[in-house]
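Quick note: numbers below take in every heavy atom, side chains included, and nothing from hydrogens, waters or symmetry partners. Whatever order the structure lists ligands and atoms in, that order sets their numbers, starting from 1. Keep in mind the model is a prediction, meaning the values are calculated, not measured.
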Amino acid sequence: MKNDHPTLSVVAPVYNEEAILPELYRRLREVLDGAGLTWELVLINDGSRDRSPQIMRELHARDPRVKVVDFARNFGHQIAITAGADYATGDAVVIIDADLQDPPETILDLVAKWREGYEVVYAVRAERKGETWFKEFTAKAFYRLIYRITDINIPMDTGDFRLMDRKVVDALKQMREHHRFMRGLSVWVGFRQTGVKYVRAERYAGETKYPLKKMVKFALDGITSFSYLPLQLAMYLGFIAAGLSVLGIIAAIILRLSGSHAFYGQASTLVSVLFLGGVQLICLGIIGEYLGRIYDEVKNRPLYIVRETLGFDR
Ligand code: UDP
Ligand code: MG
């Protein structure tokens, strides 16, 4: 290892952010130079189709502290930050969204806690600006759900915006699972962890790169990565259905003996068959979600393919 590595690596995943990159670089440089830190900015181009790659190239030419990992295609946000952590050389690594929703100034608060001896310092969203009520509501509900059903305590209202000590990053590098929920993994490793509150800003420019479909997949990755509860749901539902049917049998016998005409006809049969059929299909689907993920792990393909890198001397 060369010993001219920087104190801080800032990792930003980039997917079609041409309108933001120059401002991201400007804000980060202002904050980090102002604090007298040595730093590098690791930009991951996650298969952008706009001018982002050219702008990254220009930034690197202007300031060699800006380094670039260029993916061969879009591999997704979580994989992009994984690559960033793989390539980063700093004593601490900060993961930040490229869209400036995570204010660069907050990095100084993260670093201050790191200097106190904490090895993971995550940023907690005290407030979110400029999000739709739908995103805000679903995010809140999701963080509360995952907090309750998983064995690890993923802190509420945190994203991937966090600082990780070199030791933590090296531990993360050993975990090569494909469906990655980084904010969970960085808790799973342990170490001394703490949070710092911040106000999540509005997107500086452009649109969110997380449409509903990606959000649902991301939520499922988070849940399946850390919980078996959905798989156990089938068993619980089975016990409930079996218990109810015993009551139903007893009720049917009593009614029949007392000469009642309830339960005659096909409607009740049809309803219960359809209901149970639906429940069974849902349970199969849940198993499918896990099975597909197991298949992806077994294939063991690389997490990402890199076209080229700029600024890394290896
Ligand atoms: N991003 C990425 N690959 C993707 C989608 C998003 O690298 O497939 C990046 C994006 O450029 C941004 C960060 O991930 O830097 C967070 O995305 P975004 O701001 O769109 O998500 P939101 O804040 O709306 O949840
Ligand atoms: Mg954003």
Q) Is there an N/O/S atom in Asp99 that lies less than 2.8 Å from the Mg ion (ligand 2)? A)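 Yes.
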
(Q) Under 2.8 Å from the Mg ion (ligand 2), is there any N, O or S atom belonging to Gln101? (A) yes

Considering only non-hydrogen protein atoms, determine which one is nearest to [atom] and report residue, atom name and distance to 0.1 Å.
atom                    : result
atom 14 (O) of ligand 1 : His77 CD2, 3.2 Å
atom 18 (P) of ligand 1 : Arg203 NH2, 3.5 Å
atom 4 (C) of ligand 1  : Asp46 OD2, 3.5 Å
atom 19 (O) of ligand 1 : Asp99 OD2, 2.5 Å
atom 1 (N) of ligand 1  : Tyr15 CB, 3.7 Å
atom 13 (C) of ligand 1 : Asp97 OD1, 3.7 Å

(Q) Applying a heavy-atom cut-off of 4.0 Å, say which part of Asn74 lies close to ligand 1: side chain, backbone, both or neither. (A)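 Answer for Asn74: side chain.
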
Q. Side chain or backbone of Glu17 under 4.0 Å from ligand 1, or both, or neither, by non-hydrogen atoms?
A. side chain

Q. Is NZ or CZ of Lys299 both nearer than 6.0 Å to the six-membered ring centre of Tyr295 and within 45° of the ring axis?
A.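 Yes, cation above the ring, under 6.0 Å and within 45°.
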
Numbering as shown, the atoms of ligand 1 that approach [X] to under 4.0 Å (heavy-atom distance):
X      : value
Pro13  : 7 (O), 9 (C), 10 (C), 11 (O), 12 (C), 14 (O), 15 (O)
Val14  : 7 (O), 11 (O)
Lys209 : 5 (C), 6 (C), 18 (P), 20 (O)
Gln101 : 19 (O), 22 (P), 23 (O)
Thr208 : 20 (O), 21 (O), 22 (P), 24 (O)
Tyr210 : 17 (O), 20 (O), 21 (O)
Ala98  : 15 (O)

Q | Whether Thr7 side chain and Leu37 backbone form a donor-acceptor pair below 3.5 Å | A | no

Q: List the steps, then state whether side chain to side chain donor-acceptor pair (under 3.5 Å) holds for Tyr198 with Asp102.
A: CA-CA 8 Å; Tyr198 81 111; Asp102 306 329; 3.1 Å; yes

With a 3.5 Å cut-off and no angle check, do the side chains of [X] and [Y] form a donor-acceptor pair?
X      : Y      : value
Glu40  : Ser9   : yes
Thr224 : Arg293 : yes
Arg203 : Gln101 : no
Tyr25  : Asp63  : yes
Tyr118 : Asp165 : no

Q.
Taking a cutoff of less than 4.0 Å between a non-hydrogen atom of the residue and any ligand atom, is Arg200 in contact with ligand 1?
A. yes

Q | Non-hydrogen atom of Lys135 closer than 4.0 Å to ligand 1 | A | yes

(Q) Would Glu207 count as a polar contact of ligand 1, with the cut-off being nitrogen or oxygen pairs under 3.5 Å? (A)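 N/O-N/O distance under 3.5 Å: no.
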
**Q.** Nitrogen or oxygen of Gly76 less than 3.5 angstrom from that of ligand 1
**A.**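 N/O-N/O distance below 3.5 Å does not exist for this pair.
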
Q) Can a salt bridge be assigned to the pair Asp91 and Lys167 using a cut-off of 4.0 Å between side-chain N and carboxylate O? A) no

Q: State the CZ-NZ distance between Arg125 and Lys140, to the nearest 0.5 angstrom.
A: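 Rounded to the nearest 0.5 Å, the CZ-NZ separation comes to 10.0 Å.
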
Q.
Please verify the inter-ring angle class for Phe75 with Phe71; under 30° counts as parallel, over 60° as perpendicular, anything in between as tilted.
A. perpendicular

Q: Anything under 30° is parallel, anything over 60° is perpendicular, the rest tilted; go ahead and classify His77 against Tyr210.
A: perpendicular

Q. Does the ring centre of Phe161 sit less than 6.0 Å away from the ring centre of Tyr122?
A. no

